[in-house]
Amino acid sequence: MGYLIGKGEDAAFWAKLRQDYDIYAPKRFPKQGRFSDTDIIRYDRVESGAEIVFDEKSDYPAKEVLTPICQAILYFTEDEYRASKASQRPILLFMRPCDIHAMQHQEKIYLENGGVADLYYRRMRERVHIVLMECSEGWDTCFCVSMGTNRVEDYALAVRQTEQGLLFDVREDALKTYFAGQPAADFQPVFVEKNSVSVTVPEIADKELLLKLKEHPFWQQFNGRCESCGACTIACSTCTCFTTRDVIYGDNPAVGERRRVTSSCQVSGFDDMAGGISFRKDAASRMRYKMLHKFRDYKARFGDHHMCVGCGRCTDRCPQFISVTATLEKMAAAVAELSSASK
Amino acid sequence: MNHDINIKKLRINCFRQSKVPGEFMLQMRCPGGMIDAKYLSFVQHIAETWGDGSFHIGTRQSLDFCGIKYEDIPAVNAYIRTYIDEIENGVCQVGMEVDEHGYPTIGARNITACIGNHHCICGNINTFELARKIEPLIFPSHYHIKINIAGCPNDCNKAHLCDFGIIGTAKIDYHPERCIGCGACVRACEHGATRVLELNADGRVEKDPCCCVGCAECVKACPAGAWTRRPEPFYRVILGGRTGRQTPRTGKVFLNWASEEVVLAVIGNWHKFSAWVMDYKPEYLHGGHLIDRAGYKKFKELILDGVELNPECLVAEDIYWHETEYRSNFNVKPMRMHHHAGPSNG
């Protein structure tokens with residue numbers, strides 16, 4: 001059962017929805033792009049469908065809603081501390097299939113990895129009701145079909161933008177009441193069936209091959225190209241790495257807060273350790289680490305799928321035009337070369 | 001050859017004397033250095049029909065044609081009527097009379113511009129669109145002025161070496177909630193700008209706003225969008241730079257963080273200022289010398305007359321230029337050799 005929320009006649013609908021839900025969706029920030037007179041599209045709270053950008057891929061992923069770049073996690077006073085508080089209000093989170101899959105991949109890290117569920121992620125995740133933004137074409141950097149993330153079956157709402165307004169498919173019972181009295185319409189979301197790019201993630205048969213791949217000279221090209229800015233990981237739908245920072249209030253070191261701040265394996269110093277140890281000292285080794293994490297290590301640990309969802313935002317945001325799919329192809333060629341040499 | 005040619009009149013008509021007697025170089029205006037490529041067929045036609053087959057991109061981005069014979073000038077002027085009308089009136093909205101006699105004045109020189117943010121990743125402003133807004137304010141006028149527009153403080157277009165150099169800048173907002181404390185902006189500012197950023201103990205970036213040149217290198221460097229330009233552009237106006245045989249000098253900051261409205265209003269006063277200095281008798285004299293004759297304080301008074309400054313705008317109280325002294329005590333001379341500024345009865 002679908003509904004049409006007509007353009008220009010939707011004020012009451014959104015007002016009613018806003019009473020009970022916080023609505024987060026990709027929104028345009030005019031002239032806030034990297035270059036002058038370019039826009040940025042990123043997730044933010046919206047008041048109505050008119051603010052939601054449907055016809056462009058957001059520059060930054062939906063994960064920013066669940067795991068903000070910066071958030072206070074606890075406050076301390078002398079020997080006491082308490083966790084930061086969070087709203088209980090449910091969230092309608094407008095996401096494309098890639099972002100929905102990315103959320104599921106991130107859940108593994110935040111809720112299952114190490115046997116401890118992360119409080120801050122869990123309390124946000126519990127608020128989220130998925131609104132699937134229909135994505136039938138994708139863009140030239142997308143490769144969701146290759147990564148198996150183009151389809152989504154489980155959602156509260158699905159939405160399509162049309163000339164007349166927004167078409168909704170309503171799956172979650174609690175949401176049906178908001179659509180009562182709205183004109184019925186036939187709508188079932190369709191999905192991307194083919195991207196302009198397709199990739200095959202190489203199988204890395206054993207540890208011996210993995211070690212050889214790490215030493216393969218093709219990685220060296222990134223020492224000249226990658227500037228280790230980390231834009232790829234900030235834009236990544238699935239990256240989860242963060243650091244913590246203690247901020248002292250004024251001149252009293254006994255009072256302050258601890259913040260969780262996104263960090264990036266691509267930025268120099270990410271893996272510096274006590275004793276002056278640093279594991280990955282150049283851009284090439286950091287790139288290798290990221291690629292193997294996305295296209296081998298995560299799956300090796302959790303089993304069912306690779307971490308990357310093929311949203312292509314890392315390619316879109318890279319200031320040096322390093323394409324993740326091209327890099328993956330180079331990695332596949334290196335694997336093929338090493339495999340045939342060892343036979 | 002026996003010529004009787006008024007070369008001053010021809011110069012005002014934008015035909016410059018050649019070392020070959022009887023030949024001239026046409027300089028066509030090209031405000032902001034940007035025109036539709038279709039006009040290249042005009043260029044080719046002029047060069048091959050009346051010129052020597054070549055054309056030169058002038059140092060002020062004019063389209064220059066050498067080897068035009070004196071007797072062909074009327075035909076050339078009749079031909080360029082369309083170009084003048086389409087560029088000056090069509091593109092720049094100058095609203096001038098265009099006839100078969102070519103350019104009515106050389107006066108204000110062609111406004112030059114770098115490519116700006118039409119293309120460049122560093123550009124903060126659309127340079128040629130600004131040039132097209134300025135063109136009606138200074139042309140056609142017999143008063144000389146050289147304006148260079150640079151899209152960013154890198155100043156590839158040498159705003160520091162003309163009468164009015166306009167540099168596109170940006171006021172930058174910091175969004176601490178998006179900052180990952182990676183220090184990319186700090187390094188970018190240190191490497192490519194004025195070293196105004198610093199990471200503090202909380203992993204936040206602190207800025208010395210006083211010395212920020214508004215280049216937006218921090219915006220380009222940030223992986224997370226923690227620095228963004230304010231939507232409205234700002235401008236730094238560099239005053240009184242020049243080359244020349246006598247007193248070449250680099251311009252100095254006249255206005256900082258001026259809005260577009262302020263820049264246009266200031267340039268809109270140029271004609272009035274020049275007229276006052278020269279007692280309402282335009283002659284061939286470079287704009288920078290007019291500022292010298294009036295003195296900076298008088299210049300400031302007249303050029304800011306009626307201009308409502310935007311709240312961010314800063315104005316130089318004084319400017320002390322540093323000139324190349326080819327001849328020591330260049331300005332020390334008998335009183336009778338001193339120049340006069342302003343109405344002769346005033």
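Numbered from 1 within each chain, the chains take letters A, B, ... in sequence-line order. Reckoned from all heavy atoms, side chains included, excluding hydrogens, waters and symmetry mates. None of the values given here were measured: they were computed from a predicted structure.
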Do you know the tightest heavy-atom contact between [X] and [Y]?
X	Y	answer
Trp257(B)	Lys171(B)	CD2-CE, 3.6 Å
Pro61(A)	Ser237(A)	CB-CA, 3.7 Å
Val43(B)	Leu63(B)	CG2-CD1, 3.9 Å

Item to check | Member of Leu92(A), Leu93(A), Val46(A) meeting the side-chain contact (heavy atoms from CB on, under 4.5 Å) criterion with Tyr24(A) | outcome: Leu93(A)
Checklist entry - Ala184(B), Ala224(B), Ala201(B), Pro223(B): which one forms the most heavy-atom pairs within less than 4.5 Å of chain A? => result Pro223(B)
Checklist entry - Highest number of heavy-atom pairs under 4.5 Å with chain A: which of Gly151(B), Cys182(B), Gly181(B)? => result Gly181(B)
Item to check | Within 45° cone of Tyr110(A) ring axis and under 6.0 Å: Arg122(A) NZ or CZ | outcome: no
Checklist entry - With a cut-off of under 6.0 Å to the ring centre and 45° to the axis, is Arg42(A) in cation-pi contact with Tyr60(A)? => result no
Answer yes when [X] and [Y] have at least one side-chain N-carboxylate O distance shorter than 4.0 Å, and no when they do not.
X	Y	answer
Asp99(A)	Arg313(A)	yes
Lys146(B)	Asp163(B)	no
Asp22(A)	Arg45(A)	yes
Arg195(B)	Glu190(B)	no
Asp202(B)	Arg245(A)	no

Do [X] and [Y] get their side chains close enough for a donor-acceptor pair, meaning under 3.5 Å?
X	Y	value
Asn157(B)	Thr112(B)	yes
Thr141(A)	Lys57(A)	yes
Tyr39(B)	Glu86(B)	yes
Tyr249(A)	Glu257(A)	yes

Item to check | chain B contact via Val247(A) - which portion, at a heavy-atom distance below 4.5 Å | outcome: both
Checklist entry - Side chain, backbone, both or neither: which part of Glu64(A) has a non-hydrogen atom closer than 4.5 Å to chain B? => result side chain
Next on the checklist: Quick check on the 6.0 Å ring-centre criterion: do Tyr81(A) and Tyr75(A) meet it?
Outcome noted: no
Those residues of [range], ordered by number, that approach chain A below 4.5 Å (heavy atom to heavy atom):
range	answer
residues 120-131 of chain B	Ile121(B), Gly123(B), Asn124(B), Ile125(B)
residues 205-222 of chain B	Val219(B), Lys220(B)
residues 227-238 of chain B	Thr228(B), Arg229(B), Pro231(B)

Checklist entry - Ignoring hydrogens and geometry, is there a side-chain-to-backbone donor-acceptor pair from Ser323(A) to Ala326(A) under 3.5 Å? => result yes
Item to check | Contacting moiety of Cys179(B), where chain A heavy atoms sit under 4.5 Å | outcome: backbone
Checklist entry - So what's closer than 4.5 Å to chain A heavy atoms on His175(B): side chain, backbone, both or neither? => result side chain
Next on the checklist: I need the single residue from Arg125(A), Arg260(A), Arg123(A) that forms a side chain to side chain donor-acceptor pair (under 3.5 Å) with Asp118(A). Which is it?
Outcome noted: Arg260(A)
Next on the checklist: So, applying side chain to side chain donor-acceptor pair (under 3.5 Å) with Thr238(A), which one of His293(A), Lys294(A), Lys63(A) is it?
Outcome noted: Lys294(A)
Item to check | Close contacts, residues 221-232 of chain A versus chain B, judged by heavy atoms under 4.5 Å | outcome: Cys229(A), Gly230(A), Ala231(A)
Next on the checklist: If we define contacts as heavy-atom pairs under 4.5 Å, which of Ile234(A), Asp246(A), Val261(A) has the most with chain B?
Outcome noted: Ile234(A)
Next on the checklist: I'd like to know whether Lys31(A) forms a salt bridge (charged side-chain N to carboxylate O under 4.0 Å, His left out) with Asp37(A), so could you lay out the CA-CA distance, the side-chain angles of the two residues, the decisive distance to 0.1 Å, and finally the verdict.
Outcome noted: CA-CA 5 Å; Lys31(A) 300 200 179 191; Asp37(A) 290 349; 3.4 Å; yes
